[in-house]
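Below is one structure; the comments refer to it alone.
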Amino acid sequence: MTETTANPKQAFALDPMGKEAQDLAAQERITSPDQRARMAVQIESLDREGWVILPGLLSPEHLAALRTGMDELHKVTPFGRSPFEGENAQRIYGLMGKMPAVWELAAHPDVLAVVEGHLNDQIQLSSAASYSIFPGQAAQVLHEDDTYYRTGKPFPPISVSVAWPIDDYRQDNGATIVMPRSHKQPDYDNPGLPTTRAVTPAGSAILWDGSLWHAGGANNSDAIRRSIILTYNRGWLRQQENLYLSVPRDTVRQMPRVVQRLIGWWVVGATVGVVDGFSPLKTL
Ligand SMILES: O=C(O)CCC(=O)C(=O)O
């Protein structure tokens, strides 16, 4: 799937701080122009509305494996420490190191094509955590996901969050509340636009720009609502989760190359992330 429009070795042979090397390296993408062209409507929708749903991406077998894996981890995961994490909710952090069934989600070509198309940059995974809300959990406060990058607003898109419903998302069990078009707000204040709900079957992917105002809904049903949330950002930013430390090196060795790259084992631009002047993959 990896299309290399630029050869990183070429960039190394050039002055890495020079414009030529950096322009060359910055063109590298995981997905091909054709893959992104196929997702043009969804990329356009994400830009305009701030969110988009890609339906039907996971097979029943894959969903079953994810449910089994999550249920095992739920047995050893505490409930949230704050109203934001949710006192009737569980967040399993560090999923890339704990559940190989998540790797395929992280590298899903349609999702990557939309994320790369939207950010128009080299990307990486920033965090991979579950958000499972149990019966009785109240709605979260509306928030944006990228406010910890305190660069001042407005800024161009820098991150995309991707929620994978592992159970059907319904109004009554906490389907995500989204505020369409709120991602272009010029400051850090809630713009107070009308909201809607991301009601969609399990196995879809819900993508939103990191600046979109949104929240987990209340779970008024009698069953758990499980989801996995993967956040991507521009490859030269610091990741939200420290994936270098939270994914054991032996686990990294077992990952497909594209997943190694997504969790940060790669050189971005001509220089960001080198170890002794070379790709960190050499240290594996
Ligand atoms: O699970 C959801 O519906 C949204 C969760 C969320 O926005 C968060 O935990 O930051």
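First listed ligand is number 1; within each ligand, the first listed atom is number 1.
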- [ ] Using a strict 4.0 Å cut-off to heavy atoms of Gln140, name the atoms of ligand 1 that fall inside it.
- [x] 4 (C), 5 (C), 6 (C), 7 (O), 8 (C), 9 (O), 10 (O)
- [ ] Around atom 3 (O) of ligand 1, find the nearest protein heavy atom and jot down its residue, atom name and distance.
- [x] Thr176 OG1, 2.6 Å
TODO: Please indicate whether any nitrogen or oxygen in Ser227 is less than 3.5 Å from any nitrogen or oxygen in ligand 1.
DONE: no
Open item on the list: Applying side chain to side chain donor-acceptor pair (under 3.5 Å) to Tyr232 and Ser161, what does each step give before you reach the verdict?
Closed with: CA-CA 6 Å; Tyr232 302 80; Ser161 297; over 6 Å; no
Task: Option of least heavy-atom distance to atom 10 (O) of ligand 1 (set: Arg91, His143, Glu85) - done: His143
Open item on the list: Donor-acceptor check, side chain of Gln122 to backbone of Gly269, threshold 3.5 angstrom: yes or no?
Closed with: yes
Task: Flag, side chain of Gln124 to backbone of Leu237, donor-acceptor distance under 3.5 Å - done: yes
TODO: Answer with yes or no after comparing the ring centroid distance for Tyr149 and Phe155 against a 6.0 Å cut-off, counting only values under it.
DONE: no
Open item on the list: Heavy-atom contact check, 4.0 Å cutoff: does Ile229 meet ligand 1?
Closed with: yes
Open item on the list: Taking Asp209 first and then Lys184, would you say they form a salt bridge - that is, a charged N and a carboxylate O separated by under 4.0 Å?
Closed with: no
Open item on the list: One residue to check: Arg225. Relative to ligand 1, which of side chain, backbone, both or neither has a non-hydrogen atom less than 4.0 Å away?
Closed with: side chain
